[in-house]
Structures are given as structure tokens and as C-alpha cells.
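For reference, the structure is listed below as C-alpha cells.
Computed from a predicted structure; not experimentally measured.
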Amino acid sequence: MELTQYQIVLVNLDPTIGSEIKKTRACVIISPDEMNKYLQTVTIAPMTSQSKPYPTRIEVKHNSKKGWIVLDQILTIDKQRILKVLDKLTSKEILKLKLTIKETFVA
């Protein structure tokens, strides 16, 4: 399975500990394609269907469903956790994601 940046993939996140985001859910690949091609891991941001408007969460709509990309729960996972590719972010969503990552992590 070829994995690329900004794809939405279905990921099994269990087991988890404490306040980590749980269960099998959609996630966005945020690691660059150069890493995705050669490493056995990818960096993802989980998605949720219920959220408050936190500054680290980006509202998106896919398959007629509203959801949020959860940038306060970014993690690196083994590719074996990915069950299937679901979709890809739109260019507007990608721009919002990049801006929010920059605002959050780059001082």
C-alpha cells in the first residue's frame, strides 16, 4: 500500500494509555512522502467526530460527515496499524493544516 502525505487512512490505535486517543479511527498522514516511502513508520494526526473548537483542531468534511483533525494528539505509528486508505484532504484543508501546525509548533 503506497502511503502519501495528506491521505486519510483508517488506523487501529489500540492499545493506548491514559488520555491518548483510542480505537480504530480515521487519521491524516502528516509525515512527508520521502519519509513515508523509506521508513516503516508514518506520522499521523488522528481525527474525531466530536470536538470543541480548540485552536489545535481543524474542522473538515469528508463522506458528508463533519470531523476534526486533532493536532494535539500527533503520533508516529508503524505502518502495520493502517487498515486502509479512505480519502485525501482537499487543497484548502491542507493549507489550513499547514498553517495550524506552524502556529502550534513553530515559535
Side-chain angles (χ1 to χ4, degrees):
M1 171 181 347
E2 185 177 338
L3 301 171
T4 60
Q5 191 174 39
Y6 309 123
Q7 279 181 324
I8 300 171
V9 292
L10 188 63
V11 178
N12 178 358
L13 296 172
D14 291 326
T16 57
I17 298 173
S19 297
E20 296 171 349
I21 204 158
K22 299 169 179 48
K23 70 184 183 178
T24 299
R25 66 177 61 240
C27 299
V28 176
I29 296 175
I30 58 174
S31 49
D33 290 340
E34 295 79 20
M35 290 172 60
N36 300 334
K37 184 175 180 180
Y38 296 107
L39 299 178
Q40 292 303 307
T41 57
V42 291
T43 303
I44 55 144
M47 296 178 71
T48 185
S49 59
Q50 298 183 6
S51 180
K52 295 179 181 171
Y54 297 125
T56 57
R57 304 208 174 171
I58 301 165
E59 188 175 329
V60 294
K61 188 171 184 180
H62 284 272
N63 296 331
S64 303
K65 296 179 184 177
K66 184 166 64 170
W68 286 266
I69 301 170
V70 184
L71 292 176
D72 50 280
Q73 291 269 345
I74 290 173
L75 64 155
T76 300
I77 60 163
D78 191 283
K79 290 177 180 176
Q80 293 180 68
R81 287 186 176 270
I82 297 174
L83 305 175
K84 66 179 176 177
V85 175
L86 300 173
D87 204 351
K88 188 166 177 78
L89 294 182
T90 65
S91 32
K92 185 177 179 181
E93 292 166 340
I94 291 168
L95 180 59
K96 177 98 171 135
L97 175 71
K98 287 179 176 183
L99 290 172
T100 306
I101 288 173
K102 184 176 179 183
E103 288 173 7
T104 304
F105 296 106
V106 181

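For Tyr38, the OH atom sits in a loose shell: 12 or fewer heavy atoms of surrounding residues, nucleotides or ligands are nearer than 6.0 Å.
Residues Thr41 and Lys79 share a closest heavy-atom pair of O-CE, 4.1 Å. Here the closest non-hydrogen pair linking Val28 and Tyr6 is CG1-CA, 4.1 Å. Scanning all heavy atoms of the two residues, the minimum distance from Lys61 to Glu93 falls at N-OE2, 3.6 Å.
Atom CD1 of residue Ile8 and atom CG of residue Asn63 lie 8.0 Å apart, to the nearest 0.5 angstrom. Interatomic distance, CD1 of Ile69 versus OG1 of Thr48, reported as 12.0 Å (0.5 Å rounding). Distance check: Asn36 CG to Leu3 CG gives 6.5 Å after rounding to the nearest 0.5 Å. How far CE of Met35 is from CD of Gln40: 12.5 Å, rounded to the nearest 0.5 Å. The CD1 atom of Ile30 sits 9.0 Å away from the CG atom of Leu75 when rounded to the nearest 0.5 Å. Note: Leu13 CG to Cys27 SG = 4.5 Å, rounded to the nearest 0.5 Å.
With sequence neighbours excluded, no residue forms a salt bridge (charged side-chain N to carboxylate O under 4.0 Å, His left out) with Asp33. Annotation: side chain to side chain donor-acceptor pair (under 3.5 Å) contacts of Gln73 (sequence neighbours excluded): none. Partners of Asp78 according to the side chain to side chain donor-acceptor pair (under 3.5 Å) rule, which considers only residues two or more places apart in sequence or in another chain, are Gln80. In terms of the side-chain contact (heavy atoms from CB on, under 4.5 Å) criterion, Lys65 has no residue partners (sequence neighbours excluded).
Met47 is not connected to Leu99 by any chain of hydrophobic side-chain contacts under 4.5 Å among Ile, Leu, Val, Met, Phe, Trp and Tyr, and they are in different clusters. Transitive grouping of hydrophobic side chains (ILVMFWY, heavy atoms separated by less than 4.5 Å) keeps Leu39 and Val11 in distinct clusters. Residues Ile29 and Met1 fall within the same hydrophobic cluster, defined by Ile, Leu, Val, Met, Phe, Trp and Tyr side chains chained together at heavy-atom separations under 4.5 Å. The cluster map of Ile, Leu, Val, Met, Phe, Trp and Tyr, joined by side-chain heavy atoms under 4.5 Å apart, puts Leu83 and Ile77 in different clusters.
By the 4.5 Å heavy-atom criterion applied to side chains, Ile101 and Leu71 are counted as neighbours. The side-chain heavy atoms of Val70 and Thr56, taken from C-beta on, include no pair separated by under 4.5 Å. The shortest side-chain heavy-atom distance between His62 and Leu86 does not fall under the 4.5 Å cut-off.
Although no hydrogens or angles enter the test, the distance criterion places a donor-acceptor pair under 3.5 Å between the side chain of Ser31 and the main chain of Thr43. Although no hydrogens or angles enter the test, the distance criterion places a donor-acceptor pair under 3.5 Å between the side chain of Lys88 and the main chain of Gln5.
For residues 95-107, the set of pairs meeting the side chain to side chain donor-acceptor pair (under 3.5 Å) definition, not counting sequence neighbours, is empty. Sorted by first then second residue, the side chain to side chain donor-acceptor pair (under 3.5 Å) pairs that include residues 10-29, not counting sequence neighbours, number zero.
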- Message: The test is side-chain contact (heavy atoms from CB on, under 4.5 Å); show your working for Val85 and Thr4 and say whether it passes.
- Response: CA-CA 10 Å; Val85 175; Thr4 60; over 6 Å; no
- May I have the step-by-step check of side-chain contact (heavy atoms from CB on, under 4.5 Å) for Thr90 and Val60, ending in yes or no? CA-CA 9 Å; Thr90 65; Val60 294; over 6 Å; no
